[in-house]
Engineer: 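Can you keep this structure in mind? I'll have questions shortly.
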There are 2 protein chains.
Amino acid sequence: MEDVRHVLQLITRRFGFLNKNCCSVGGTSVSLIQSHILYEIDRQHHPSMQQIAETLGMDITTFSRQIQSLIRKKLVKKTPSDLDRRVYILELTTEGKFVAAAIEQQIQDYLTQIFSHMNEFEKDTVIRSLKLLNACMEKTGVCCG
Amino acid sequence: MEDVRHVLQLITRRFGFLNKNCCSVGGTSVSLIQSHILYEIDRQHHPSMQQIAETLGMDITTFSRQIQSLIRKKLVKKTPSDLDRRVYILELTTEGKFVAAAIEQQIQDYLTQIFSHMNEFEKDTVIRSLKLLNACMEKTGVCCG
DNA sequence: GGATTTTATTTGCAAACTGCAAGTATGCGG
DNA sequence: CCGCATACTTGCAGTTTGCAAATAAAATCC
């Protein structure tokens, strides 16, 4: 019971390494945070700056600069919203989508490898457990203590 | 199946927030990385610099400076090894132990809260699953691709 | 409608973090 | 002793960070 923290620590550390390992695609390579930003822009439908910054729990000013960097790399496009000209809508460029997809693929390959050490039942149980854990973390509202 | 990455992403993100929330103890507060360093020094028995740096996957030079910072804060003590005077043995000071314990307590409280949304069976299953997942990640050797 | 306040984003710092290359000091194998 | 490997530190230069302050565009109040 007491080692839950430790197991979680190990899993997050390993998953962090995994993510870090998957930040290079051919010529372009991004930082870990930038990889997460690409991922979230891809997931959320035409999000604003705030939305992504909030999702990732990062300071908006830091985020603003990260986006500038990603725009310089031509991976992200920023368009002023028609509805509210204060907000900027983010989306991935074609190259950004390509990079995000390639990263996704690498990570999926890793995950497949990891789960290959389990039988179907275990795999199913683990995935179900992760979802349950995540749901309970969400209920507890850990992020905004 | 395809959303495993996403669930893991969310869990690690939330656990990261949780860790970050637990970096202040009374007067002293440490950074997230420093919290992890304290944790690992506490766990491993009189480790060397290398050992902890390796465990956390961080550059030894960066680590060296983090340790300097923690020594300045009087949370860590560094003693040259008797066996090999190139090596420095790390340990927590009394205050360091206190801080580590306080952080541990806060995190445990959060975890208790999180698991309070599950019944005994679910809790057991989840913990078992995390251990299995961690073991499979270890087998895959994700960290040193 | 104009003044005031709120909201979304950007810039100016100054501090912290990062990693590579080079340095110091110790150990080891001949 | 000499040369090489190892453990750690330091110099530097680039990146990241977050707070405070600026801008600019809603939204609200009168």
Side-chain angles (χ1 to χ4, degrees), chain A residues 13 16-17 19-21 23-24 28-38 40-41 44-73 75-91 143-145, chain B residues 13 16-17 19-21 23-24 28-38 40-41 44 46-73 75-91 143-144:
Chain A
R13 193 178 296 157
F17 290 155
N19 268 303
K20 213 169 205 169
N21 281 349
C23 282
S24 287
T28 41
S29 80
V30 297
S31 73
L32 181 55
I33 319 120
Q34 291 179 342
S35 160
H36 286 149
I37 293 175
L38 293 182
E40 284 300 332
I41 293 179
Q44 299 180 31
H45 187 60
H46 294 291
S48 70
M49 307 264 298
Q50 295 254 21
Q51 277 170 46
I52 302 293
E54 162 119 32
T55 300
L56 297 175
M58 60 193 295
D59 191 278
I60 185 74
T61 71
T62 303
F63 182 76
S64 172
R65 279 181 268 246
Q66 288 290 358
I67 288 294
Q68 286 170 32
S69 163
L70 286 169
I71 289 174
R72 256 180 268 121
K73 293 182 184 182
L75 302 176
V76 168
K77 192 166 50 168
K78 206 177 72 174
T79 321
S81 165
D82 287 335
L83 298 166
D84 184 339
R85 266 173 301 173
R86 288 171 305 179
V87 319
Y88 283 89
I89 301 299
L90 300 172
E91 63 185 314
C143 64
C144 325
Chain B
R13 193 178 295 157
F17 290 154
N19 268 302
K20 213 169 207 171
N21 280 348
C23 281
S24 286
T28 40
S29 81
V30 298
S31 73
L32 182 56
I33 319 120
Q34 292 180 339
S35 160
H36 287 148
I37 294 175
L38 294 182
E40 283 300 330
I41 293 179
Q44 298 180 31
H46 292 292
S48 69
M49 307 264 299
Q50 294 253 22
Q51 277 170 45
I52 302 293
E54 161 118 31
T55 299
L56 297 176
M58 59 193 296
D59 190 279
I60 185 73
T61 71
T62 303
F63 182 75
S64 172
R65 279 180 267 247
Q66 288 291 357
I67 288 295
Q68 288 170 31
S69 164
L70 287 168
I71 290 174
R72 257 180 268 121
K73 292 182 183 181
L75 301 177
V76 168
K77 192 166 51 170
K78 206 176 72 174
T79 320
S81 163
D82 288 335
L83 299 166
D84 183 339
R85 266 174 302 174
R86 290 171 303 179
V87 175
Y88 284 90
I89 301 299
L90 300 173
E91 63 186 313
C143 64
C144 325

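Order of the sequence lines fixes the chain letters, A, B, ..., with proteins taken first and strands second; residue numbering starts at 1 for each chain. The model shown is predicted, which means the values in this text are computed figures rather than measured ones.
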Engineer: Side chain of B/Val87: nearest nucleotide among D/dA7, C/dA8, C/dG19?
Structural biologist: D/dA7
Engineer: For the side chain of B/Ser31, counting heavy atoms from C-beta on, which of D/dT17, D/dT9, C/dC17 is nearest?
Structural biologist: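 When the side chain of B/Ser31 is considered, C/dC17 is the closest of D/dT17, D/dT9, C/dC17.
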Engineer: At under 4.0 Å, does any side-chain N or O of A/Lys78 touch on OP1 or OP2 of C/dT10?
Structural biologist: yes
Engineer: Under a 3.5 Å threshold, yes or no: a donor from one side chain and an acceptor from the other, between B/Glu54 and B/Gln50?
Structural biologist: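 Short answer, no.
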Engineer: Does B/Gln68 offer a backbone N or O that forms a donor-acceptor pair with the side chain of B/Lys78 under 3.5 Å?
Structural biologist: no
Engineer: Tell whether A/Arg86 reaches the base of C/dT9 with its side chain through a donor-acceptor pair below 3.5 angstrom.
Structural biologist: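 By the distance-only test, no, there is no pair.
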Engineer: For A/Gln51, does its backbone N or O pair with a side-chain atom of A/Thr55 as donor and acceptor, under 3.5 Å?
Structural biologist: yes
Engineer: What nucleic acid atoms does A/Ser69 come within less than 4.0 Å of, heavy atoms only: base, sugar-phosphate, or nothing?
Structural biologist: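 Here A/Ser69 touches no strand at all.
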Engineer: Any idea which heavy atoms bring B/Ala53 and B/Ile60 closest together, and the distance?
Structural biologist: CB-CD1, 3.9 Å
Engineer: Rounded to whole angstrom units, what separation is found between the OH atom of B/Tyr88 and the C1' atom of C/dT24?
Structural biologist: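 The distance from OH of B/Tyr88 to C1' of C/dT24 comes to 10 Å, rounded to the nearest Å.
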Engineer: Is the phosphate of D/dT10, meaning OP1 or OP2, less than 4.0 Å from a side-chain N or O of B/Gln68?
Structural biologist: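 Checking D/dT10 against B/Gln68, a side-chain N or O does come within under 4.0 Å of OP1 or OP2.
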Engineer: With the side chain of B/Arg65 defined as its heavy atoms from C-beta on, choose the nearest nucleotide among D/dG11, D/dC19, D/dA7.
Structural biologist: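 Selected nucleotide (nearest to the side chain): D/dG11.
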Engineer: Of the nucleotides C/dA8, D/dA26, C/dT10, which one has an atom closest to the side chain of A/Arg85?
Structural biologist: D/dA26
Engineer: Tell me whether the side-chain N or O atoms of B/Thr61 pair up with the base of C/dC20 as donor and acceptor below 3.5 Å, since no angle test is needed here.
Structural biologist: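 Indeed there is one.
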Engineer: Using whole Å, what does the distance between atom C1' of nucleotide C/dG19 and atom CG of A/Leu32 come to?
Structural biologist: 16 Å
Engineer: For D/dA7, take OP1 and OP2 only and decide whether either is under 4.0 Å from a side-chain N or O of B/Gln51.
Structural biologist: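 For D/dA7, neither OP1 nor OP2 has a side-chain N or O of B/Gln51 closer than 4.0 Å.
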Engineer: Just how far, in rounded Å, is P of D/dT10 from CD1 of B/Ile60?
Structural biologist: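 So the CD1-P distance, B/Ile60 to D/dT10, works out to 13 Å.
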Engineer: Report the residue (A/Asp84 or A/Ile33) whose heavy-atom-nearest nucleotide on DNA chain D is the more 5′ of the two.
Structural biologist: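 First, find each residue's nearest nucleotide; the 5'-ward one identifies A/Ile33.
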Engineer: Tell me the interatomic distance from A/Phe63, atom CZ, to C/dT9, atom P, rounded to whole angstroms.
Structural biologist: 9 Å
Engineer: B/Gln66 has an atom CD; how far is it from atom C1' of D/dT10, in whole Å?
Structural biologist: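 After rounding, the gap between these two atoms is 16 Å.
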